[in-house]
K.L.:
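Pasting a structure here, questions to come.
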Amino acid sequence: MKKKILVVDDETYISLMVSGRLKANGFEVVTANDGQMGYEKTLAEKPDLVLLDIMMPGVDGYECLRMIKTNAETAAIPVMMLSAKAQQADLAKAREVGASGFITKPFKADEMLAQIREVLAV
Amino acid sequence: MSEIENQAIRVLLIEDDTDDAVVIQEIIAEFKRPKFEFNYRKNLKEGLEFFLRKEVDVVLLDLSLPDCRGLRTFHKIQEAGPEVPIIILSGFESDEMAIQAVGEGAQDYLVKSTINGSMLFRVLRYAIERQRAAKRIYAAEEKYRTVFENSAVGITVVDGQGQIISWNKFCEDLLGMNREDLYQKHVQTLYPAEEWQKLCDCKIRQKGNQEHFDTKMFRKNATAVDVDISISVLKDIDGNITGSIGIFRDITERKRLERMKDEFISTVSHELRTPMTIVREGVSQVLDGILGEITDDQRQILEITLEGIDRLSRIINDLLDISKLDAGRVELKKERGDLKEVFEHVGASFQPAFENKGLKWICDFPQEKYEYSFDRDKIIQVLTNLIGNALKFTDKGSIAVRLTEEPDGVVCSVEDTGPGIASDDLKHVFDRFSQFGRVYGPGEKGTGLGLAISKVLVEMHGGKIWAESQLGQGTKFFFSLPKIAENG
Ligand SMILES: Nc1ncnc2c1ncn2[C@@H]1O[C@H](COP(=O)(O)OP(=O)(O)O)[C@@H](O)[C@H]1O
Ligand SMILES: [Mg+2]
């Protein structure tokens with residue numbers, strides 16, 4: 001069965017690019033364009049993995065991550081940050097809130113896919 | 001001495017023993033060039049009156065007078081005219097007191113029974129000359145004192161034990177402190193603990209020269225102010241350290257601008273990353289054939305495009321790094337660790353690349369372990385850059401890494417058999433954006449920031465970084481890390 005990935009990013013073109021890459025590699029993809037919607041779709045879709053941007057208007061990535069990790073229904077779903085923020089402090093903070101990985105933008109597709117497969121164990 | 005030659009020297013003798021006075025008067029009367037004008041008073045009261053009324057060039061003073069005895073006699077005259085030289089006349093038995101008077105500023109002393117013409121002549125002339133020399137020194141010192149007091153920089157002078165012994169007005173203003181806060185306080189009290197540690201790590205006193213830093217100093221209200229300070233070690237004639245002078249300026253405004261610049265660069269680089277991600281991923285999807293077959297020509301162009309984008313993102317990362325370092329937003333997370341392990345870890349990540357280019361990788365770590373205190377990520381960054389450079393510029397031969405323990409720390413080196421660096425360029429390798437002998441053709445193109453960043457990172461550890469190279473002879477980069485301080 002295809003694994004389902006939720007891509008949360010406020011930049012439509014980024015979502016488009018990431019989705020295209022994931023679909024080409026055999027994943028099913030759903031998208032959300034802010035943190036609130038990201039949380040709601042995580043609840044509704046129960047994806048196998050969430051790829052989450054950090055800087056978004058309204059509910060940002062950290063907040064969305066916290067919401068996912070504090071709800072028992074979604075807490076077990078792995079979340080990987082996909083962000084232009086790439087400082088040590090950002091990585092540390094994401095890990096603290098419960099992220100399973102960190103991919104920095106601009107990413108290299110091979111590396112991104114390798115990380116995703118590792119987390120999904122496929 | 002020419003001044004003295006022309007005019008008579010006015011001597012005042014204060015002495016109650018008339019016989020002694022006559023002897024001295026007769027001796028002085030013999031002096032021809034220069035001439036001496038002799039004046040004589042029998043007790044302190046009259047002596048002082050004369051002294052205050054007339055100009056006197058030198059005083060010959062007996063310490064035991066009818067109306068005053070001992071050192072007090074000397075003090076009275078000295079207070080009345082501190083600039084006039086005083087020569088003490090003493091008997092054998094009061095020798096010790098005369099020496100004490102010399103310690104307190106008398107020019108010389110004479111034992112009365114031994115006085116003869118040439119001796120008295122010499123003592124009088126020298127007393128006057130020395131006093132004049134002292135005046136000249138005083139005038140010169142006064143000039144420096146004026147510079148010291150009126151400088152628009154804070155200045156503190158510290159003794160061999162580290163206690164503050166003098167400072168200028170600007171120092172008081174800058175730190176909001178006064179005499180009670182400064183006098184004989186240890187300089188350490190002026191610095192926040194971690195800043196003091198940084199200064200200690202630099203071992204200025206051991207090195208014995210001048211050092212320049214950005215640091216923070218406490219103000220009276222316990223807030224810290226950003227300063228840049230240059231510290232010079234003071235030595236006596238034998239080369240022993242007797243103290244140090246610190247000259248510092250308020251750099252709050254510069255720091256504020258650096259922070260603004262840093263925020264600006266952070267924002268810009270985040271903003272740039274999003275469109276770069278779109279371009280990179282778009283190009284690489286076409287390149288990977290996700291969107292259909294492409295021709296070899298198209299592939300070639302797209303590969304070059306990707307390289308350009310990757311280079312742009314390296315520049316952005318390096319710019320962000322250096323800007324954060326400038327703004328002082330990078331803090332070291334130092335921990336004890338084994339440098340050998342770090343070298344091997346970084347070396348391993350380069351293995352495929354070495355094999356690709358057919359380069360030999362040599363490790364020279366004579367010891368089992370190299371325990372030092374450092375920020376692992378930062379040292380990895382430095383090493384990655386040095387080894388990355390060696391790899392980038394070397395086409396055949398080897399890359400060797402070494403660890404050498406020295407009395408005050410360890411020297412790490414990365415040595416290659418590449419093209420070397422011309423001596424004119426070598427002076428600038430650590431400058432920002434300096435790139436010489438660019439690599440042509442495919443391969444990772446640099447930013448010219450790697451070594452500038454490495455330098456700051458090494459210096460934050462209290463170490464130094466340097467390079468040795470000659471065109472055609474390969475290149476050696478070195479950096480040192482200080483020993484773990486005894487106090488932890
Ligand atoms: N091992 C080396 N051999 C020859 N030249 C070197 C070596 N390392 C550094 N350089 C020179 O110093 C320059 C600056 O290096 P660096 O600051 O790391 O920037 P970059 O590697 O991005 O060019 C390089 O561009 C190169 O000209
Ligand atoms: Mg480099």
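So you know, we letter chains A, B, ... as the sequences are listed, proteins then strands, and number each from 1.
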K.L.:
Would B:Lys261 and B:Glu258 pass as an ion pair if we require N to O under 4.0 Å?
P.N.:
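No salt bridge links B:Lys261 with B:Glu258.
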K.L.:
Starting from the C-alpha separation in whole Å, work towards a yes-or-no answer on side chain to side chain contact (heavy atoms under 4.5 Å, CB included) for B:Lys334 and B:His461.
P.N.:
CA-CA 9 Å; B:Lys334 282 210 257 181; B:His461 280 85; 4.1 Å; yes
K.L.:
Could you tell me whether B:Lys455 atom NZ has more than 12 heavy atoms of other residues or ligands within 6.0 Å of it?
P.N.:
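Not more than 12 within 6.0 Å, no.
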K.L.:
Tell me, for B:Ile278 versus chain A, whether the close heavy atoms (under 4.5 Å) come from the side chain, the backbone, both or neither.
P.N.:
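For B:Ile278, heavy atoms of backbone and side chain both lie under 4.5 Å from chain A.
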K.L.:
Checking the side chain of B:Ser480 only, and the main-chain atoms of B:Lys464 only, is there a donor and an acceptor separated by less than 3.5 Å?
P.N.:
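Yes; judged by distance alone, with no hydrogens or angles, the pair exists.
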K.L.:
Would B:Phe350 and B:Ile399 count as a side chain to side chain contact (heavy atoms under 4.5 Å, CB included) if you check the C-alpha gap in whole Å, the side-chain angles of each, and the deciding distance to 0.1 Å?
P.N.:
CA-CA 11 Å; B:Phe350 277 104; B:Ile399 292 169; over 6 Å; no
K.L.:
Between B:Ser269 (side chain only) and B:Ser266 (backbone N and O only), is there a donor and an acceptor less than 3.5 Å apart?
P.N.:
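Yes, because the side chain of B:Ser269 sits within donor-acceptor range (under 3.5 Å) of the backbone of B:Ser266.
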K.L.:
Identify which part of B:Leu320 has an atom lying under 4.5 Å from any heavy atom of chain A, answering side chain, backbone, both or neither.
P.N.:
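B:Leu320 touches chain A through side-chain heavy atoms alone.
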K.L.:
State the CZ-CG distance between B:Arg329 and B:Asp262, to the nearest 0.5 angstrom.
P.N.:
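These two atoms lie 4.0 Å from each other.
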K.L.:
Could you have a look at B:Leu272, B:Ile290, B:Leu291, B:Asn317 and say which one has the most heavy-atom pairs with chain A under 4.5 angstrom?
P.N.:
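Ranked by contacts with chain A, first place is B:Ile290.
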K.L.:
Just checking heavy atoms, which of residues 17-29 of chain A are less than 4.5 Å from chain B?
P.N.:
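Hits under 4.5 Å: A:Met17, A:Gly20, A:Arg21, A:Ala24.
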K.L.:
If every non-hydrogen atom of A:Pro106 is compared with every non-hydrogen atom of B:Met276, which pair is closest and at what distance?
P.N.:
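Between these two residues, the closest heavy atoms are CG-CE, 3.7 Å.
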K.L.:
Tell me, for B:Ser284 versus chain A, whether the close heavy atoms (under 4.5 Å) come from the side chain, the backbone, both or neither.
P.N.:
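Its backbone and side chain both get close to chain A.
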K.L.:
Please report the interatomic distance OG1(B:Thr252) to CG(B:Asp226), rounded to the nearest 0.5 Å.
P.N.:
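Nearest 0.5 Å value for the OG1-CG distance: 5.5 Å.
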K.L.:
Less than 4.5 Å to any heavy atom of chain A: does that hold for the side chain of B:Asp288, its backbone, both, or neither?
P.N.:
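Answer is side chain: those atoms of B:Asp288 sit under 4.5 Å from chain A.
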K.L.:
What distance separates B:Glu281 CD from B:Ile309 CD1, expressed to the nearest 0.5 Å?
P.N.:
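CD1 of B:Ile309 is found 10.5 Å from CD of B:Glu281.
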K.L.:
Heavy atoms under 4.5 Å from chain B: which residues of residues 47-54 of chain A carry them?
P.N.:
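Within residues 47-54 of chain A, near chain B: nothing under 4.5 Å.
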K.L.:
Answer yes or no: are there more than 12 heavy-atom neighbours, outside A:Glu118 itself, under 6.0 Å from its atom CD?
P.N.:
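Incorrect, the count does not exceed 12.
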K.L.:
Less than 6.0 angstrom from the centroid, inside 45 degrees of the normal: does A:Lys93 satisfy that with respect to the ring of A:Tyr62?
P.N.:
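Judged by the rule, A:Lys93 and A:Tyr62 form a cation-pi pair.
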